[in-house]
Structure formats: C-alpha cells, structure tokens
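Values below: every heavy atom of this structure, side chains too, minus hydrogens, waters and symmetry copies.
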Amino acid sequence: MDYLPLFASLKNRPVLVIGGGDIAARKVLLLRRAEANVRVVAQQLSPELAELANQQSIEWLATEFDEAQIDPVFLVIAATDDSELNQRVFAAADARQRLVNVVDNQPLCSFVFPSIVDRSPLLVAISSSGTAPVLARLLREKIEALLPTNLGRMAQAASYWRHHIQTRLHTTAERRRFWERVFTGRFASLMVAGNETAAQQALEDELNQPERQIGEIVLVGAGPGDAGLLTLRGLQVIQQADVVFYDHLVSEGVRELVRRDAELICVGKRAGTHSVPQHETNRLLVEAALAGKNVVRLKGGDPFIFGRGGEELQAAAEAGVPFQVVPGVTAAAGATAYAGIPLTHRDYAQSVTFVTGHYKADSTPLDWAHLAQSHQTLAIYMGTMKAAEISQQLIAHGRDSQTPVAVISCGTRADQQVTVGTLQQLESLAKDAPMPALLVVGEVVQLHHQLAWFQNNLQQEGFNSSVVNLA
C-alpha cells in the first residue's frame, strides 16, 4: 500500500495553493467544499479565482512564491506548469514536514487527491496511488450510479437518533441489528425518495414495534428493453430488492442488474401462452410485502402507461402496504427514438397520442374521429392483433390511406426491427411482426430514413421507390 487512506479535516485550516490557472481553480473549489482557508500564490488569477478573491472567499497572498509562505499552513498544492517552481515547492514543503501535492507529478506528492463520491457526511474515495487516475474516475462513476443522492441525509438522520437508540437498546448486538433493519428497510427507502418526515416516522415505528415488519412495494419502470435506459433510481431499487416480480417485456439485460440473491418471479402476460391473472399478481405482491420483504414490481416501459401499475398499487393501498413508484422510459418514447422517428416535429406533428389496442370489451369506445385527425402522431401499444380494425377505422374517419406508418418490433433491443409503409398496408406490416411491437401512425414516420441511427443494417423498408407493395 503506497498511500494510507485518510480523511483530513480542513475546516478553517490554512492551505496554500501555488498557481492561478484552471487546474488550480479546480483544486480550490474542492478545498472550499471542505471549508479550508485557501491562500493562493500566483502572478495572475483565472476569472473564477479572481472573483473568489474579490468576494474575499480566498486570499490572494502574493504573486511570487516564498518558502516562508509554507510555515503557517496545513498542506500545500502546486498547480503550475513551471517544473522548476514545482520542484522548489515540493522540496520546501517536504523539508518542513508539510503534506504536498504537485498536480500530475506523482513522484512530487506526499499525498494524492482521490476520486470522490460525495454524499456528505458519507464520502467514498477511490485512488490508484497516482498510477491510473482515469481508471479511478471510471470506478467513481460506477459507484456514483449505485449510491442514492440522499444517502448523506440518511446518515445525518441516523446521527440524530444515535443517542436515543443507545438509551433504548443496551447492547451493541441489539443496536447493530436495529440499524441493519433500518438501513435496508422502509426508513432507507423513504429517505432515498426524499420523504424525510415519513422516514423519521418509519424509524420511530421500527424502534417502538420491531416485531411489526411490513415491507413495501416499489413499482419500477424497466424501460423498453435496452438495459442502458433503466433509470438510475430504478437500478438502485432493484439492487436492494428481496424479491422481484417481472413481466415478459422486461429484457434479460435489465434482469441481470437485479441483486444476485434476490428472488425473481415472472408474472407476465402473453397472448397464447400461460399468463398469471392480474388478481393473482396483486395477491403475490401484497403477500410478499406483508411478510416483511422489499418487493419490486418490475414492468416494461413505464408502469403507469398501459402497464396496470395503478391497479396493482390500488391493491397495495387497500391492504395497507406502503409503496413507491419509479417511472420508466415508455415504449413510445424509447422505441421511436431508436427508430429515428420523432414523436413530434414542427413540420409534421404538433401533438402525440398514446393509444392501446388492447382494451376491455365494455370500455368506452375509442374516439376514432379525433384519432384520425392529420398532423398528429399515434403511438399504439399492443395493436398488432387489431391492426386491420385500426387501419379501417382511421381511414373511414378521414385519415389519408397513404399516411406513413411504422411497426417497431423489439424496440431498443439488439434484435430491433423496423418496417414502414402506409396506413392502408398496416395489417400486412403488423401480421408477422415479432413481439413486442409498437405501431406508429403519422407523417413523422417519413423522417425514419434520415434519422435512423440504431442498427441501420437491419431490414428496413422505406417510402417512395423503396416502399414494398403489400397490396
């Protein structure tokens, strides 16, 4: 181990920075976050540092370096492009037993700046001992994605309760088990969601009624397929789940991001195959939460857009089970973007309507006259089986039979397929389309030729001379 990791308190301590450029400014910004008393020696200051000096947030000590400037300070940073000056600064600091860092010159450093994940008061520091700073930065980015932004507030709340907990729980083992439950339970979930008042109540409930352990249900939108479209919050939640109930539409790539020891249960629905009835899914979710588990309901796309997420949370509310919602990228937004089809465009569509092609027999009939209006985009979910009816109704109510349409299968996934044609061809286009598929109706579809960027080598049919004649 070349360096001993330390967290030093710099609050109100004098720190000397040699240099006034952009690199020095970055170091000064970091030092000010630690509330250090920053003194700068430089012939000129960058605009950012000059503004700080004018505000008296830092002290512009001198224009020339003098070794005596090191005597009263806690540590020293040299951020200049003058190698002789940097060597002098290091030698003077080292002789006085001051910690010194010469930026980008590891041999002239008695301490190094790590890559920092800041969730104050929680800090995570990653260092390669100056050998591979880019690798350390990449690791920091991965850790940033895993740690909720409100984690620091959670630590502050825990600090507030520590003394009270010690008066109620008298052994170290009791306190450890309590905090383990708290940091993996409802309190932590509410803090991450930003609901601090409810989180404090959950912590108090845990202390007063430790035997009453009810989990919660978190409804998470998995996005349309590409695991990279899972939200940061969604990733954090599935990493904390005890059990995950998922649909067929949740891609394997997303499922692989679930915590390894979590239980995965498929409750998907798919035409022509075994499906779990909705009432049974509702029962399983509530049952798992009442057993004290952290339950994630993982649904393709966004759970509140044709995903029956509202029905499932109604069941949770009726059972007295707490819940949260993490939105996802809905298929209409994700699949069309990957197909190079903007849902709106000033020249082609001033509105977009999301429609489901799968609806209850006793539900309110679709307003075909409204849907048939031109210069709007229709994004139709689960519409392939009713493509003929959709095409006939739209044309009958005034939509031009030559209106461009697209069928996007497995949108955003490696096996994405996009076929385009006209409204009168929609039935044939959708007939053998792989599932899941999204139907898009509107003039914006013609932009697919110009804007398609994802997997352009896939079979795609176009307008004009390249339209396949399906009539």
Centre-to-centre under 6.0 Å for Phe111 and Phe113, is that the case here?
yes
Considering non-hydrogen atoms only, spot the tightest contact between [X] and [Y] and give its length.
X	Y	result
Phe187	Ala199	CD1-O, 3.1 Å
Ile380	Leu438	O-CD1, 3.5 Å
Val267	Thr281	CB-OG1, 3.6 Å

With a 4.0 Å cut-off, would you call [X] and [Y] a salt bridge?
X	Y	result
Arg255	Glu252	no
Asp71	Arg96	yes
Glu312	Arg308	no
Arg168	Glu174	no
Arg297	Asp247	yes

Any side-chain heavy atom of [X] within less than 4.5 Å of one from [Y]?
X	Y	result
Arg98	Val100	no
Tyr246	Ile265	no
Asp302	Pro327	yes

- request: Test side-chain hydrogen bond (donor to acceptor under 3.5 Å, both in side chains) on Glu204 and Trp161 and set out the steps.
  value: CA-CA 9 Å; Glu204 188 169 359; Trp161 279 86; over 6 Å; no
Worksheet entry | Criterion salt bridge (Lys or Arg N to Asp or Glu O under 4.0 Å) on Glu141 and Arg137, from CA distance to verdict | CA-CA 6 Å; Glu141 291 173 357; Arg137 177 177 58 79; 2.9 Å; yes
Residues 112-125 vs salt bridge (Lys or Arg N to Asp or Glu O under 4.0 Å), sequence neighbours excluded, gives Arg33-Asp118, Arg119-Glu144
When you look at CD of Gln166, are more than 12 heavy atoms from neighbouring residues, nucleotides or ligands closer to it than 6.0 Å?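 Correct, the count exceeds 12.
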Query raised in the report: Looking at residues at least two apart in the chain, or sitting in another chain, which of them share a salt bridge (Lys or Arg N to Asp or Glu O under 4.0 Å) with Arg259?
Result: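 Applying salt bridge (Lys or Arg N to Asp or Glu O under 4.0 Å) to Arg259 gives Asp242, Asp261.
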Hits for side chain to side chain donor-acceptor pair (under 3.5 Å) against Gln55, two or more places apart or cross-chain, chain-then-number order -> Glu51
